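Values in this document were obtained by computation on a predicted structure and should not be read as measured data.
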Number of protein chains: 2
Amino acid sequence: MTAIHESPIALKLGAFVALSDAELSVLDELHRRRRTFLAGRDLVLQGQSDQSAYILASGWACSYKLQASGSRQIVDFQVPGDFLGLRSILFRTADHTIEPVTNVEASEVHARDLLNAFSRTPKLATAVLWAASRDEAMVVEHLVNLGRRNARERTAHFLLELGARLKLVGLATNAGYECPLSQYMLADALGLTAVHINRVLRELREDGLLTFQKGRVTFDDFDRLVASVDFDKTYLDQDGPLLR
Amino acid sequence: MTAIHESPIALKLGAFVALSDAELSVLDELHRRRRTFLAGRDLVLQGQSDQSAYILASGWACSYKLQASGSRQIVDFQVPGDFLGLRSILFRTADHTIEPVTNVEASEVHARDLLNAFSRTPKLATAVLWAASRDEAMVVEHLVNLGRRNARERTAHFLLELGARLKLVGLATNAGYECPLSQYMLADALGLTAVHINRVLRELREDGLLTFQKGRVTFDDFDRLVASVDFDKTYLDQDGPLLR
DNA sequence: CGACTTATTGAACAGTATCAAAAAGGGTGG
DNA sequence: CCACCCTTTTTGATACTGTTCAATAAGTCG
């Protein structure tokens, strides 16, 4: 038996509020309707029509916005424990597309079930709203990243953020993590060219800071890396002692 | 007597849902606790501690994030009818600062009152959540702006967005609008240098597209401007016929 | 193996920043 | 109403960061 509290979503929410067994089992129920999505096949979430969100159980996804010119901006990547399209059921839809980066396992969550769960376990509601709020803080931080950091800082900051997020669900350590992103995807997230990303990664590697290779990010000198790009992860709000 | 439905917030929410007189008066009650804030004096909204939001009645504000290096990234400007710090009461706090750009009149809204109003008038709740969702769509669009548009497109797109938002509350037409922003502020919002913004503005003016001068934005050729930067305002979600 | 995607490198170029300085506004006290 | 100070706008010259184009190498998958 897989312990409920070991699912990524439980680990993640548990970092914000301590969840009781009862609450964990409500969460587990939400997490039952498992589906598999194939890498690259759009998991289009065009709002209105679509009344369900997903909880990502394994694999990575990304949300992006396409331009008329054909270029795209990746808004964020989603890793296990993250919601996909949460906003489109809490609010009205955001108008971006979600696409699995790898093959993905996710459970469908209907608006009704979620709201239902909320009313039964308010603490769960708090935790989910925390997650939504954190998602937005990340988008804001990405804005700062694009607006006020150079390619090197931007790249390092982003990979550090992913590390911190993955650590929360047990998929990373300060040594590094498995990362299925291509340099093209990284480029689309960071507002850079894949060519330039490649040079920046080489530089970071040659400076002994981090290595992005063969589907893995390795922090060669975590502390120096954090210092060199001024990475302050308070916006991720995952440090504090468990609240409540 | 000032008709309730002529307040900026009523105009704005009314563009999304048709509000009855009863709903308008609930909105009006929320809008009673008026305060004045002086330009430049931080209206710090550091989350947790602060349990109230504001509805902006007149003047402009901006929300930004400061870097250790001293540079800042403005996330968005708020214009009449917008909420300030809405997220910090619906959710947990976002970690940015809000500062009035001009002297500002705003009414304080306590979390309790808002939630109270929601339960009395669900349609108002829908409208407020729509506003919050729209705010997020704007941040995402700003991300695209920084990541995938050059200085010229970026500047024009941003000024067009502000125009569309102000039009909704009767403060702009396709001819232009009063704009209290300095070129430095524009620079901090667009991830550019004030010097470069200045050159871009000159170029746009010389091309007969728009004029940014003396506290006013003038669209010299609105249609050509929209076409030239591929401005698609569907993300603002303010076109449709009134829903419901 | 062969076709395709991804990673890597070079050289030339474009866009934006930086530094510096002058001009133009705007507000304030006398 | 003027003189002065301070902020904002404007312009030039130069340096640099990141792009573009092009080509090769290295993986990956059927």
side-chain contact (heavy atoms from CB on, under 4.5 Å) partner of B/Ile197, the single match among B/Val195, B/Leu201, B/Val200, B/Thr193: B/Leu201
Donor-acceptor pair between B/Ser58 and B/Glu105 side chains, under 3.5 angstrom: yes
Length of the CZ-P vector between B/Arg149 and D/dT19, whole Å: 17 Å
Report the C-alpha distance between B/Asp220 and B/Thr211 in whole Å, list the side-chain angles of each, state the deciding distance to 0.1 Å, and finish with yes or no for side-chain hydrogen bond (donor to acceptor under 3.5 Å, both in side chains). CA-CA 7 Å; B/Asp220 300 316; B/Thr211 306; 2.6 Å; yes
Applying salt bridge (charged side-chain N to carboxylate O under 4.0 Å, His left out) to B/Arg152 and B/Glu203, what does each step give before you reach the verdict? CA-CA 8 Å; B/Arg152 186 193 163 110; B/Glu203 207 183 287; 2.5 Å; yes
Please work out which of the three classes, parallel, tilted or perpendicular, describes the rings of A/His142 and A/Phe158, given edges at 30° and 60°. tilted
Whole angstrom is fine here: how far is it from CG in A/Leu181 over to P in C/dT5? 18 Å
Quick one: does B/Glu161's side chain get under 4.5 Å of B/Met138's, heavy atoms only? yes
For residues B/Pro180 and B/Thr102, report the shortest heavy-atom separation together with the two atoms involved. CB-CG2, 3.4 Å
Nearest-Å distance, CG (B/Asn150) to C1' (D/dT17)? 16 Å
side-chain contact (heavy atoms from CB on, under 4.5 Å) with A/Tyr177: of A/Val79, A/Leu171, A/Leu162, only one passes, and it is A/Leu162
Could you tell me the separation between the CZ atom of A/Arg154 and the P atom of C/dT16, rounded to a whole number of Å? 12 Å
Test applied, salt bridge (charged side-chain N to carboxylate O under 4.0 Å, His left out); reference residue, A/Glu141; option that passes from A/Arg154, A/Arg149, A/Lys233: A/Arg149
Can you build the contact string for nucleotides 24-30 of chain D? Use B for base contact, S for sugar-phosphate-only contact, and - for no protein heavy atom under 4.0 Å. -------
Once you round it to whole Å, what is the distance between P of C/dA17 and CD of A/Glu153? 14 Å
For DNA chain C, find the residues of residues 190-208 of chain A with a heavy-atom distance under 4.0 Å and give them by number; none if there aren't any. A/Val195, A/Asn198, A/Arg199, A/Arg202
Please test A/Asp76 against A/Arg165 for salt bridge (charged side-chain N to carboxylate O under 4.0 Å, His left out), starting from the C-alpha separation and ending with a verdict. CA-CA 12 Å; A/Asp76 201 4; A/Arg165 293 167 62 186; 3.0 Å; yes
In whole angstroms, how far is the P atom of C/dT6 from the CG atom of A/Asp188? 11 Å
The bend of the helix from C/dC1-D/dG30 to C/dG30-D/dC1, taken between the axes of its five terminal pairs at each end and rounded to 10°, is 50°
Run B/Glu178 and B/Arg216 through salt bridge (charged side-chain N to carboxylate O under 4.0 Å, His left out) and show every step you take. CA-CA 4 Å; B/Glu178 299 303 311; B/Arg216 181 165 182 88; 2.5 Å; yes
Specify the separation, in whole Å, of atom CD of B/Gln183 and atom P of C/dG25. 13 Å
